[in-house]
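Presented below is the structure to which this report refers.
Start at 1 and go down the list; that is how both ligands and their atoms are numbered.
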Amino acid sequence: MKSEIPFLNLKQFPKELKEVLKAKFSEILDKGMFSGSEEVDLFESKLRTLLKSPYVISCSNGTDALELALRALEIGHGDEVLVPALSWVSTAEAVVLVGAKPIYIDTDPSGLIDLTLLDDAVGSKTKAIIPVHLYGKMVCMTQLAKWAKKKGIFIIEDAAQAIGAFENGISAGLFGDIGCFSFYPSKNLGALGEAGALTTKDKELAHKLRTLANHGQKSRDHHLRIGRNARIDTLQAGFLNVMLNYFDLWQAKRKNLAQIYLEHLRDVNWITLPQGTKQANHNLHLFVIQCEERDALKKHLELHGIYTAIHYPTIIPEITPYRSGEEFPESKRISQRILSLPLNPFIGEEEIKKVCDVLKRFA
Ligand SMILES: Cc1ncc(COP(=O)(O)O)c(C=O)c1O
């Protein structure tokens, strides 16, 4: 039988991990607590330590985190928010959901928001910018924070893909006013369902976010504002507490596998390799190469049982409900060239080498 290399197959969790997760399920089932409880408190406390964040508010998912962040900063109708043209749709979706207008910014050749274009895009209605740490590579936050402060606009970091990435020892999500994380199952820290979190250094904002995620309640039946039910499930918090025990090991594995890719693909001059993957400000969520013949290369790999993905094939301003009519040449160009190779904690070194060998044969 042809041995296949999936892009990501979560059935491949180690047996021991599956047993611990089952035990965690039983423990929560026996306690009969399915909303809130000490699992949620423990998860938030573990995240505070991991991210070195004074405040962490767990929530239902990364998209809700973005929406809650915008609402906490009172961004809505008549306001504009700068977002990169290339991202997962949630980045713009949350802006539209609060009634504000996303102003798309072209990206640099690596897919990150192009900081040189910001001065031309900012206007009197601009209230915030949402930098996206795409593929786990952080936007240069020292530079962006300086710019945003000068312009007097908020920063909401879309750190959905960037848990474990740090710039000068500061975690993604902690340079801006609010940071938003996703624990979608395929993320570096993944739940067994949907989950997310918010980070902030501001006590008042933390309080506001927590109430917004819980029907606007300060405490039971004390509604301060109109909120949402955007709480994390106890089960997901419990599973994430288990997954956190694997986080450092899996991060190290990702770094090691990426290094093998870099060594074996170094001389392949018809692809562009991702930059800065060894640095602390890249968490290797995705290993994204670029190739002129992307679609044919994807097919070639698939014919040899190797599965890849594209993050993302259509830039947001060209997706029907978000259509802007403007041109974003760099984002558009790379959306046609990018290809995410398999990289996850369940792949072996030999499999990565096989991907490289098969890829090279495409020439
Ligand atoms: C860049 C980015 N932003 C936001 C999100 C939304 O997170 P979630 O899927 O948890 O709603 C994701 C997750 O896929 C993402 O990759």
Side-chain angles (χ1 to χ4, degrees), residues 7-8 10 43 47 56-71 81-98 102 104-105 107 110-113 128-139 141 144 155-165 171-173 176 178-199 209 212-213 228-233 235-237 239-240 243 274 281-288 309-317 319 322 331 334-335 338 340 343-344:
F7 179 68
L8 174 68
L10 296 173
F43 177 56
L47 266 192
V56 167
I57 299 98
S58 56
C59 68
S60 39
N61 57 64
T63 311
D64 285 348
L66 288 165
E67 189 188 328
L68 293 168
L70 288 156
R71 292 185 60 184
V81 179
L82 310 181
V83 299
L86 182 70
S87 179
W88 172 241
V89 73
S90 300
T91 314
E93 187 177 40
V95 175
V96 177
L97 281 173
V98 300
Y104 300 103
I105 310 286
T107 56
S110 74
L112 299 181
I113 195 163
I129 179 166
I130 309 185
V132 178
H133 304 308
L134 198 69
Y135 311 144
K137 169 88 163 83
M138 286 176 73
V139 170
M141 288 309 297
L144 179 59
I155 300 178
I156 298 170
E157 289 179 67
D158 185 337
Q161 302 185 0
I163 190 154
S171 169
I178 301 177
C180 301
F181 291 83
S182 164
F183 307 117
Y184 183 75
S186 62
K187 298 290 195 262
N188 290 29
L189 176 65
L192 304 190
E194 311 289 339
L198 292 132
T199 48
L209 287 166
L212 278 170
R228 293 262 321 270
N229 178 355
R231 299 178 300 244
I232 196 170
D233 283 350
L235 275 171
Q236 295 310 334
F239 294 143
L240 284 162
M243 298 304 242
N281 69 353
H282 200 320
N283 76 349
L284 263 318
H285 174 53
L286 295 169
F287 190 90
V288 181
I310 300 170
H311 299 89
Y312 298 92
T314 311
I315 61 171
I316 305 178
I319 298 174
Y322 300 93
S331 310
I334 64 174
S335 71
I338 42 182
S340 309
L343 179 103
N344 59 69

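- Heavy atoms of other residues, nucleotides or ligands lying less than 6.0 angstrom from OH of Tyr184 number 12 at most.
- The atoms of ligand 1 that sit less than 4.0 Å from any heavy atom of Ala160 are 2 (C), 3 (N), 4 (C), 5 (C), 12 (C), 15 (C).
- The minimum heavy-atom distance between Cys59 and Ala65, with the atom names listed, is SG-CB, 3.7 Å.
- Here Tyr312 has side-chain heavy atoms under 4.0 Å from ligand 1, and that is the only part of it that gets that close.
- Atom numbering of ligand 1 starts at 1 in the shown order; those under 4.0 Å from a heavy atom of Ser90 are 4 (C), 5 (C), 6 (C).
- Protein heavy atom at the shortest distance from atom 3 (N) of ligand 1 is Asp158 OD2, 2.7 Å.
- The side chain of Val132, and not its backbone, has at least one atom closer than 4.0 Å to an atom of ligand 1 (non-hydrogen atoms only; side chain from C-beta on).
- Relative ring orientation between Phe43 and Phe183 is described as perpendicular, the plane-to-plane angle rising above 60° on a 0-90° scale split at 30° and 60°.
- Formation of a donor-acceptor pair under 3.5 Å by the Glu157 side chain with backbone atoms of Gly173 is found in this model.
- Ser182 OG, 3.9 Å is the protein heavy atom nearest to atom 9 (O) of ligand 1.
- Every residue two or more places apart in sequence or in another chain was checked for a ring-ring contact (aromatic ring centres under 6.0 Å, His included) with Tyr104, and none qualifies.
- Taking a 4.0 Å cut-off on heavy atoms, His311 fails to register as neighbouring ligand 1.
- Of all protein heavy atoms, the one closest to atom 14 (O) of ligand 1 is Lys187 NZ, 2.8 Å.
- Of all protein heavy atoms, the one lying nearest to atom 16 (O) of ligand 1 is Gln161 NE2, 2.9 Å.
- Near Thr63, meaning under 4.0 Å from one of its heavy atoms, ligand 1 places the atoms 6 (C), 7 (O), 8 (P), 11 (O).
- Asn61 contributes a side-chain N or O that, together with a main-chain N or O of Asp64, makes up a donor-acceptor pair within less than 3.5 Å.
- Every residue meeting the ring-ring contact (aromatic ring centres under 6.0 Å, His included) condition with Tyr312, not counting sequence neighbours, appears here in chain and number order: Trp88.
- Using a 4.0 Å heavy-atom cutoff, Ser87 is listed among the residues neighbouring ligand 1.
- Shown here for Ser58 and Ile232, the closest heavy-atom pair between the two residues is OG-CG2, 3.4 Å.
- For ligand 1, the atoms closer than 4.0 angstrom to any heavy atom of Asn61 are 10 (O), 11 (O).
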